[in-house]
Structure formats: C-alpha cells, structure tokens
Chemist: 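Sending over a structure as structure tokens; questions will come in a sec.
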Amino acid sequence: MKNLAAALEELQEDHQWRSRNLLSSAQQIEPVINGHKVLSFCSNDYLGLACEPRIVERYVEAAKTFGVGSGASHLITGHHACHHALEEELAEFLGCERTLLFSTGYMANLGLVGALAGRTTTVFEDRLNHASLIDAALLARAQLKRYDHLAVDALHRQLRASVGKDGLIATDGVFSMDGTVAPIEALQKLSDSFNVPLIVDDAHGIGVLGEEGKGCTESCRRDDTILVGTLGKAFGVFGAFVAGPGDIIEWCVQRARSYIYTTALPPSVAEAARTALALIREEPGRRAQLLEQVAYFRQCAREAGLPVTSSKTPIQPVILGASKTALEASQGLLEDGILVQAIREPTVPKHQARLRVTLCATHTREHIDRLIESLARNCTRTGEDSS
Ligand SMILES: *Cc1c(COP(=O)(O)O)cnc(C)c1O
C-alpha cells in the first residue's frame with residue numbers, strides 16, 4: 001500500500017486537499033456553514049424544494065404512518081406502495097413505459113450500465129461524464145471509449161470502427177461541472193444508425209430544463225432513450241431513478257446489482273419525492289424564475305468582464321485556470337460572506353480549475369448583485385500559471 005501520510009501531504013502541497021464544510025442549518029440560500037451565515041451558490045436545490053413546507057409535511061406524515069426504515073431490499077419485502085406509486089407517476093410525467101427507483105444516482109448508473117454491459121461491450125462516453133457513469137463502465141469490465149466533450153464526430157468515428165460489436169452510449173444530459181448540454185438528437189441518430197442503446201443521465205436537467213421540466217430530452221423524447229434522474233437535486237429530496245422501455249427496466253429488476261443488493265429507500269422519502277414531483281408539475285413559475293436568475297447572472301457577469309462560459313443552465317462555471325487561483329478566489333468570496341465552491345482536478349481537467357456558481361429559483365437579484373461584486377473583486381484572471 002502507498003504511504004498515505006506522504007500522499008496526504010502531497011495533496012496539501014498541490015492545493016488538491018479537500019475539506020468538508022460543516023452545515024448546521026437547513027439547506028437554504030443563506031445556510032449556516034462552519035458557524036457563519038453565508039450566501040450560498042453551491043447547492044443543487046435548484047427549485048428551493050429541499051425545505052418546502054408541503055414536502056416536509058408529507059414526509060413527516062408518511063414517517064408517522066410507515067415508520068422510518070424500509071426494512072428490506074425491494075426484492076424481499078422493502079418494495080412499498082409509496083415506491084410503486086412514485087415509479088408510476090415518474091413514468092407518466094416523463095412519458096416512458098416504466099421507471100425504477102434506486103437509492104442514489106450513483107447507484108442507478110452502476111446498476112443500469114452493469115445490467116446492460118459486460119466484458120464484450122464497448123461503452124462510449126463523453127470525456128466529461130459524471131464519475132458514476134465512468135465507474136459504471138469500469139465496474140462492468142466493459143471497454144470504455146471516451147470521446148471529446150460533445151464531439152459527435154469523434155463518437156461517430158469510434159462507432160464506425162467497432163461496427164457489429166456490442167455497444168452502449170452514455171452521456172450526461174447537463175454536464176455537472178460545465179453546465180453544457182449534450183447534443184441529444186445527434187446522439188439519438190447515432191444510436192439509431194449503429195443500433196447501440198443511448199443512456200442520458202439528466203441529473204441536473206430533470207425538473208429544471210424544458211417547458212414542463214422534463215429535462216434536456218423533453219423536446220426530443222423517444223421511447224428507446226434510457227434516462228437516469230436523481231431525486232436529490234431539483235426534487236430537493238433523495239434517491240434516483242432509471243426511466244425507459246419496459247424490458248430494460250425489468251432487466252434491471254432482475255440483474256442490476258445496486259438495485260437488488262441494497263435496502264429500499266424509506267417509504268417516507270418516496271412520499272416526499274411524489275409531493276416534489278407534483279410541485280414540479282404544478283408550479284412552473286419556479287423554473288421560470290430560475291431561468292430568469294440565470295439570464296440575470298450572465299448579463300451582469302459579462303458586464304463586469306468576468307469569464308463566463310456559454311452555459312445557459314443554472315451551472316455557471318467561472319474558469320480561472322490554476323487550482324491555487326480558484327482556491328484563493330473562493331476564499332476571497334467567503335471573506336465577503338459568499339460561498340462558491342472551487343472545483344479542481346481531478347474533478348475537472350488540469351488547468352481548468354474554476355469557481356462553480358449554481359443558481360437557484362430562490363436567489364434574488366440582490367443576492368446575484370452581491371455575488372457579481374465579490375466575483376469582480378476576487379477573480380483576476382491569472383489562469384495560465386503553473387499548478
Ligand atoms: C449528481 C449526479 C449523479 C449522482 O446522483 P446522486 O443521486 O447524488 O448519487 C449522477 N450523475 C450526474 C450527472 C450527477 O450530476
């Protein structure tokens with residue numbers, strides 16, 4: 001085994017050290033972190049549902065009725081009517097045949113890819129896919145082929161080179177560190193021409209993008225596109241699901257190890273998620289407000305001369321370059337009472353360390369004004385230096 005003490009020291013020297021912020025309030029726009037109230041631009045609670053009273057109330061009520069623990073895995077005695085109803089409502093919402101609940105998005109990807117791919121499968125993935133999709137291919141012992149971010153041409157070449165072999169394409173819908181959106185229709189075309197199934201992990205898109213909040217595939221929904229969604233982001237709850245054709249879902253029930261060999265979500269969590277889904281459907285104003293804040297942020301950031309990217313989603317990276325630069329900027333913002341996470345390698349490629357701003361429907365223009373002012377003061381672009 002490697003010398004951990006030395007390895008840890010090296011992380012510190014390389015500005016790669018990770019430390020946890022200690023949250024002592026609810027997950028809200030102005031949480032108490034490390035004992036101080038801050039203005040946060042770091043949560044995935046895009047619609048402000050994590051503390052929504054109607055969801056909390058339903059959660060408490062369900063816990064009183066059904067208890068806290070589910071007590072077993074789905075295939076033993078853990079599959080509750082609450083889970084079943086949520087699966088049916090999600091399928092109806094997304095317009096697909098069936099959905100299957102998993103405990104987390106990470107597990108959904110491991111389970112789904114593991115069920116569909118094996119040693120003889122080539123899994124084609126965007127280079128910037130979420131770690132769980134990469135890990136899923138590795139765990140399945142599949143051959144992993146990564147193509148450059150959003151590079152449909154490169155994927156086309158890779159598919160052509162492996163015609164006739166068993167394959168699978170997997171992509172993030174909204175990329176979690178860049179806020180970019182996958183070219184879904186082009187991927188669907190390739191999926192058709194090469195007869196290779198397509199998985200879209202839309203963890204950051206479902207509830208957020210599309211007129212009705214169905215995510216980045218809303219306008220190009222197709223039965224054979226397999227979707228993965230999480231309940232821990234826009235839904236403000238916890239858990240995840242796979243959505244797709246009935247036979248794929250049934251195969252996951254039979255074969256997805258991260259579905260079979262784990263305790264089912266508490267029924268109360270499923271009830272909370274059902275309430276969140278109802279609000280996502282009934283209150284489109286939350287989504288409209290979120291997109292308005294995104295547009296406002298981008299406009300102000302551009303005016304302030306900040307290096308904004310082309311992302312139009314609530315994930316707004318400010319790319320600074322060196323890890324040290326990003327860390328120092330994040331520290332400067334914190335001194336102004338504003339929390340924005342610095343993202344470094346290995347989460348993003350080397351020399352692309354960044355501040356990752358995430359916007360929520362519950363942010364106000366005043367919040368964003370404060371953020372811009374502090375960003376302008378703390379982000380002097382010195383991105384090309386070492387480390
Ligand atoms: C957050 C995220 C996941 C993991 O979902 P959890 O429910 O938090 O485990 C998977 N894929 C993508 C693209 C994500 O952004």
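If you read the sequence from its start, that first residue is 1, and numbering goes on from there. Whatever order the structure lists ligands and atoms in, that order sets their numbers, starting from 1. Because the structure is predicted, anything quoted here is derived from the model rather than measured.
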Chemist: Which of the atoms of ligand 1 are close to Ser176, meaning less than 4.0 Å from one of its heavy atoms?
Modeler: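 In order of number, 15 (O).
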Chemist: For ligand 1, find out whether one of its N or O atoms is nearer than 3.5 Å to an N or O atom of Tyr106.
Modeler: yes
Chemist: If you count the atoms of ligand 1 from 1 in the order shown, which ones are under 4.0 Å from a heavy atom of Asp172?
Modeler: 13 (C)
Chemist: Regarding atom 13 (C) of ligand 1: of the candidates Asp201, Leu110, Thr171, Leu231, which has the closest heavy atom?
Modeler: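 Closest candidate by heavy-atom distance is Asp201.
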Chemist: Just to confirm my output: which protein heavy-atom neighbour is closest to atom 1 (C) of ligand 1, and how far is it?
Modeler: Lys233 NZ, 1.4 Å
Chemist: Between Phe194 and Arg160, is there a cation-pi geometry (under 6.0 Å to ring centre, at most 45° from the normal)?
Modeler: no
Chemist: I'd like to know if Val228 and Leu231 are part of one continuous hydrophobic network [Ile/Leu/Val/Met/Phe/Trp/Tyr, side-chain heavy atoms within less than 4.5 Å].
Modeler: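 Each belongs to a different hydrophobic cluster.
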Chemist: Testing the basics here: between Ser132 and Asp201, what is the closest heavy-atom pair and its distance to 0.1 Å?
Modeler: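 Result for this residue pair: OG-OD2, 4.4 Å.
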Chemist: Quick one: does any side-chain atom of Gln143 pair with a main-chain N or O of Gly167 as donor and acceptor, under 3.5 Å?
Modeler: no
Chemist: Minimum heavy-atom separation for Ala170 and Tyr147, please, with both atom names.
Modeler: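 Smallest heavy-atom distance, with atoms named: O-OH, 4.3 Å.
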Chemist: Is the shortest N/O to N/O distance between Thr230 and ligand 1 below 3.5 Å?
Modeler: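 Yes, there is a polar N/O contact under 3.5 Å.
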Chemist: Hey, can you tell me if Phe41 and His363 have their rings parallel, tilted or perpendicular (30° and 60° cut-offs)?
Modeler: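 Parallel: the ring planes of Phe41 and His363 meet at under 30°.
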Chemist: Numbering the atoms of ligand 1 from 1, which are under 4.0 Å from a heavy atom of Ser132?
Modeler: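 So the atoms of ligand 1 that pass are 10 (C), 11 (N).
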Chemist: Between Gly105 and ligand 1, is there a nitrogen or oxygen pair with a distance under 3.5 Å?
Modeler: yes
Chemist: Quick one: list whatever passes salt bridge (Lys or Arg N to Asp or Glu O under 4.0 Å) with Glu250, sequence neighbours left out.
Modeler: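 Applying salt bridge (Lys or Arg N to Asp or Glu O under 4.0 Å) to Glu250 gives Arg98.
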Chemist: With atoms numbered from 1 as shown, which atoms in ligand 1 lie under 4.0 angstrom from a non-hydrogen atom of Ala203?
Modeler: 2 (C), 11 (N), 12 (C), 13 (C), 14 (C), 15 (O)
Chemist: Using heavy atoms and a threshold below 4.0 Å, how should the contact between His204 and ligand 1 be classified: side chain, backbone, both, or neither?
Modeler: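 Side chain only.
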